[in-house]
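The analysis underlying the following values was restricted to heavy atoms, covering all of them including side chains, and did not include hydrogens, waters or symmetry mates. As the structure is a prediction and not an experimental result, all values here were calculated from the model.
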Amino acid sequence: MSPSASVELVHVTKRFPAALAVHDLTLTIYQGEFFALLGPSGCGKTTTLRLIGGLETPDSGEIRIGGAVVNDQPPYARRVNIVFQHYALFPHLTVQDNVAFGLRVKGRRMPEAEVTRRVKAVLDLVQLAGLETRRPHQLSGGQQQRVALARALVLQPHVLLLDEPLGALDRQLRKAMQTELRRIQREVGMTFLYVTHDQDEALSMSDRIAVMRQGAIEQLGTPQDIFQAPRTQFVAEFMGAANIFTGRVMVSKEHTVHLETPSGLRLVCQCAVAVSVGASLSVVVRPDVVQVVPHGWTWTGDNAFPGRVTTKTYLGEVTALTVTLPGGDTILCHVPSRLEQQFGYQEATAVLVGWQAQDVHVLQE
């Protein structure tokens, strides 16, 4: 049985005076899914979230939540709630009263005993039990973020919309909150739509990711699909450092392709679809699959090239090396730092770089 649709956008377009923010966007987000909209600033991801939340109105197309068209419904009538980067907590209210606020407003007011029960349950969920009487200024940034999340969850929306909610936190706390958000989402089984420009956030938390560019979806898939099998050069580069080569197919046989670049570099790669000799092809090789060994060593892989280290940058667990080949091509390599220190690579060190044909991914566009 296929999962039911939680949110559907059907040919949705939104224009602003200075830009086309969302262009003919069709997308289905399934019930109970942790879904990320990922992309650079100005790509349309936040506008898409605001359209779903009712903070913007589409110029054309349909927005459906739980199967019902909501284009003309105001935000308060939709079964959604939004958590923003800036939490907008009421400074004069305690944690408990901040969380309970939405349950006490006119039109939704419920018995106080039920309010207390639901607030307690959600504070337990976000691990804030014992802090009920504190006010926002007495909390850390991570605790304030949990209060904002609890305030949204206590209303039991059909969909929770999160607009870069971890952006104001430091790196270590942000990592911890990523784990917590994923845990909470799994426990409640609610649909989460998460907007971010941070690739690590999207990869670590999401069931599926839509990479957006210029108001449209560039690629949609699982985190593994997006990172390991990018469809376009934009996705390949946006998802992290990448070595991208374009060349002409010299040999094409049994899903193995020999590619020659304008500089004369010959690459061997696997290709799942048939390509013709003479065709132009672009491929990507991630820096983490590139092996670097001292000059003079024997390399038995499919692709091996001599070169010299031209830059070296220590990044903690890995060290980034740029290796320049005799023809002028540069290869970015991420080498485990302990291994790099063992070999003692320095700028101008002669090395051999290489990778297997299966580690070369062919770009479709």
Worksheet item: Passes side-chain contact (heavy atoms from CB on, under 4.5 Å), R79 versus Q73? Steps please.
Response: CA-CA 10 Å; R79 293 181 59 196; Q73 290 185 3; over 6 Å; no
Worksheet item: Would you say the side chains of E164 and H197 form a donor-acceptor pair under 3.5 Å?
Response: yes
Practice prompt. Give a yes-or-no answer on whether the side chains of T330 and T324 include a donor-acceptor pair shorter than 3.5 Å.
Written response: no
Discussion item. Which residue is it: L166, V126, L89? I am looking for the one with a side-chain contact (heavy atoms from CB on, under 4.5 Å) to Q145.
Written reply: L166
Fill in: Shared hydrophobic cluster, I244 / V268 (ILVMFWY, side-chain heavy atoms < 4.5 Å)
no
Discussion item. Please report whether the ring centroid of Y194 lies less than 6.0 Å from that of F192.
Written reply: no
Fill in: Separation of L155 CG from F101 CZ (nearest 0.5 Å)
10.5 Å
Worksheet item: Between atom OG1 of T191 and atom CG of L160, what is the distance when rounded to the nearest 0.5 Å?
Response: 9.5 Å
Worksheet item: Is any NZ, NE, NH1 or NH2 atom of the basic residue among R248 and E260 found under 4.0 Å from an Asp or Glu carboxylate oxygen of the other?
Response: no
Worksheet item: Would you say V147 and P136 make side-chain contact, with heavy atoms under 4.5 Å?
Response: no
Worksheet item: Under 3.5 Å, is there a donor-acceptor pair between the side chain of Q358 and the main chain of Q270?
Response: no
Worksheet item: Counting N and O atoms only, with roles assigned by atom type, does the side chain of Y345 sit under 3.5 Å from a partner on the main chain of V292, one being a donor and the other an acceptor?
Response: yes
Item to complete: Please say whether more than 12 non-hydrogen atoms of neighbouring residues, nucleotides or ligands are located less than 6.0 Å from CD in E114.
Response: yes
Worksheet item: Where the side chain of N71 meets the backbone of I63, is there a donor-acceptor pair that is under 3.5 Å apart?
Response: yes
Response to the item:
What one should report as the nearest heavy-atom pair of G167 and Q85 is C-NE2, 3.7 Å
Fill in: T261 side chain to T246 backbone, donor-acceptor under 3.5 Å
no
Discussion item. If I take atom CG from residue L55 and atom CG from residue L49, how far apart are they, to the nearest 0.5 angstrom?
Written reply: 8.0 Å
Response to the item:
CD (E8) and CD1 (I29) are apart, to the nearest 0.5 Å, by 10.0 Å
Worksheet item: Which atom names give the shortest non-hydrogen contact between P223 and A202, and what distance separates them?
Response: CG-O, 4.5 Å
Worksheet item: Have H158 and S6 got a donor and an acceptor in their side chains that come within less than 3.5 Å?
Response: yes
Worksheet item: How long is the gap from CZ on F35 to OG on S206, to the nearest 0.5 Å?
Response: 8.5 Å
Discussion item. Within a 6.0 Å radius of atom NE2 on H258, are there more than 12 heavy atoms belonging to other residues, nucleotides or ligands?
Written reply: yes
Practice prompt. Look only at the side chain of R78 and the backbone of V70, and say whether a donor-acceptor pair between them is shorter than 3.5 Å.
Written response: yes
Worksheet item: Is a side-chain N or O of R286 found less than 3.5 angstrom from the main chain of F227, in a donor-acceptor match?
Response: yes
Practice prompt. Show the numbers, then the answer: is there a side-chain contact (heavy atoms from CB on, under 4.5 Å) between R208 and Y30?
Written response: CA-CA 10 Å; R208 286 192 302 153; Y30 297 107; 3.4 Å; yes
Discussion item. Measuring centre to centre across the rings, with the benzene-like ring taken for any Trp, is W299 within less than 6.0 Å of F305?
Written reply: no
Worksheet item: Which is it for D302 and T256 under the side-chain contact (heavy atoms from CB on, under 4.5 Å) test, yes or no, and what are the steps along the way?
Response: CA-CA 11 Å; D302 301 308; T256 298; over 6 Å; no
Worksheet item: How about M205 and Q185: do any of their side-chain heavy atoms sit closer than 4.5 Å?
Response: no
Discussion item. Tell me whether the rings of H92 and F90 are parallel (<30°), tilted (30 to 60°) or perpendicular (>60°).
Written reply: perpendicular
Fill in: pair H295-V351: side-chain heavy atoms closer than 4.5 Å
no
Discussion item. Is there a continuous path of hydrophobic side-chain contacts, each under 4.5 Å between heavy atoms, that joins V235 to V285?
Written reply: no
Discussion item. For E317, is the CD atom crowded, meaning more than 12 foreign heavy atoms sit under 6.0 Å from it?
Written reply: no
Fill in: Residues E218, T232; criterion side-chain hydrogen bond (donor to acceptor under 3.5 Å, both in side chains); working and verdict
CA-CA 8 Å; E218 186 87 353; T232 68; 3.0 Å; yes
Item to complete: State whether E132 and K120 are salt-bridged, where the test is any N-O pair (Lys NZ or Arg NE/NH1/NH2 against Asp/Glu carboxylate O) under 4.0 Å.
Response: no
Worksheet item: Would V83 and L193 show up in the same hydrophobic cluster when neighbours are defined by side-chain heavy atoms closer than 4.5 Å?
Response: no
Item to complete: Would you check if L9 and V22 make a side-chain contact, meaning some heavy-atom pair closer than 4.5 Å?
Response: no
Worksheet, complete the sentence: On a heavy-atom basis, the closest approach of N98 and L93 is ND2-O, 3.1 Å
Practice prompt. For T349 and V309, indicate whether the former's side chain and the latter's backbone hold a donor-acceptor pair under 3.5 Å.
Written response: no
Fill in: Backbone of N303 reached by a side-chain donor or acceptor of R266 within 3.5 Å
no
Discussion item. Can a donor-acceptor pair be found, under 3.5 Å and without considering hydrogens, that links the side chain of T13 to the backbone of D59?
Written reply: no
Worksheet item: Below 4.0 angstrom, N of the basic side chain to O of the carboxylate: do D163 and R50 qualify?
Response: no
Worksheet entry | Cluster link L220 to F34, ILVMFWY, side chain under 4.5 Å | no
Discussion item. Check whether Q219 reaches the backbone of A229 with its side chain - one donor and one acceptor, N or O, closer than 3.5 Å.
Written reply: yes
Discussion item. Give me the atom names and distance for the closest heavy-atom approach of G32 to D207.
Written reply: O-OD2, 4.3 Å
Practice prompt. Could you walk me through whether T47 and F16 pass the side-chain contact (heavy atoms from CB on, under 4.5 Å) test, one step at a time?
Written response: CA-CA 10 Å; T47 300; F16 293 114; 3.9 Å; yes
Item to complete: Identify whether V95 and M177 are in the same connected component of the hydrophobic contact network (ILVMFWY, side-chain heavy atoms under 4.5 Å).
Response: yes
Worksheet item: Looking at side-chain heavy atoms only, is the closest gap between H11 and S60 below 4.5 Å?
Response: no
Practice prompt. Determine whether V249 and S276 make a side-chain contact, defined as any pair of heavy atoms from C-beta on separated by less than 4.5 Å.
Written response: no
Worksheet item: Of the non-hydrogen atoms in P75 and G54, which two are nearest, and what is the gap between them?
Response: CG-O, 3.3 Å
Discussion item. Taking the side chain as everything from C-beta on, heavy atoms only, tell me whether P40 gets closer than 4.5 Å to F234.
Written reply: yes
Discussion item. Tell me the closest heavy-atom pair linking V115 and A100, and the distance in Å.
Written reply: CG1-CB, 3.7 Å
Item to complete: Could you grab the distance from atom CG of L281 to atom CD of Q364, nearest 0.5 Å is fine?
Response: 10.5 Å
Worksheet item: Knowing that exactly one of V360, V353, V290 qualifies, which makes a side-chain contact (heavy atoms from CB on, under 4.5 Å) with N243?
Response: V290
Worksheet entry | Any side-chain heavy-atom pair of D200 and R174 under 4.5 Å | no
Worksheet item: Got a sec: does the CD of Q172 have more than 12 other heavy atoms crowding it under 6.0 Å?
Response: no
Worksheet item: S204 pairs by side-chain hydrogen bond (donor to acceptor under 3.5 Å, both in side chains) with which of K175, Q178, R182?
Response: Q178
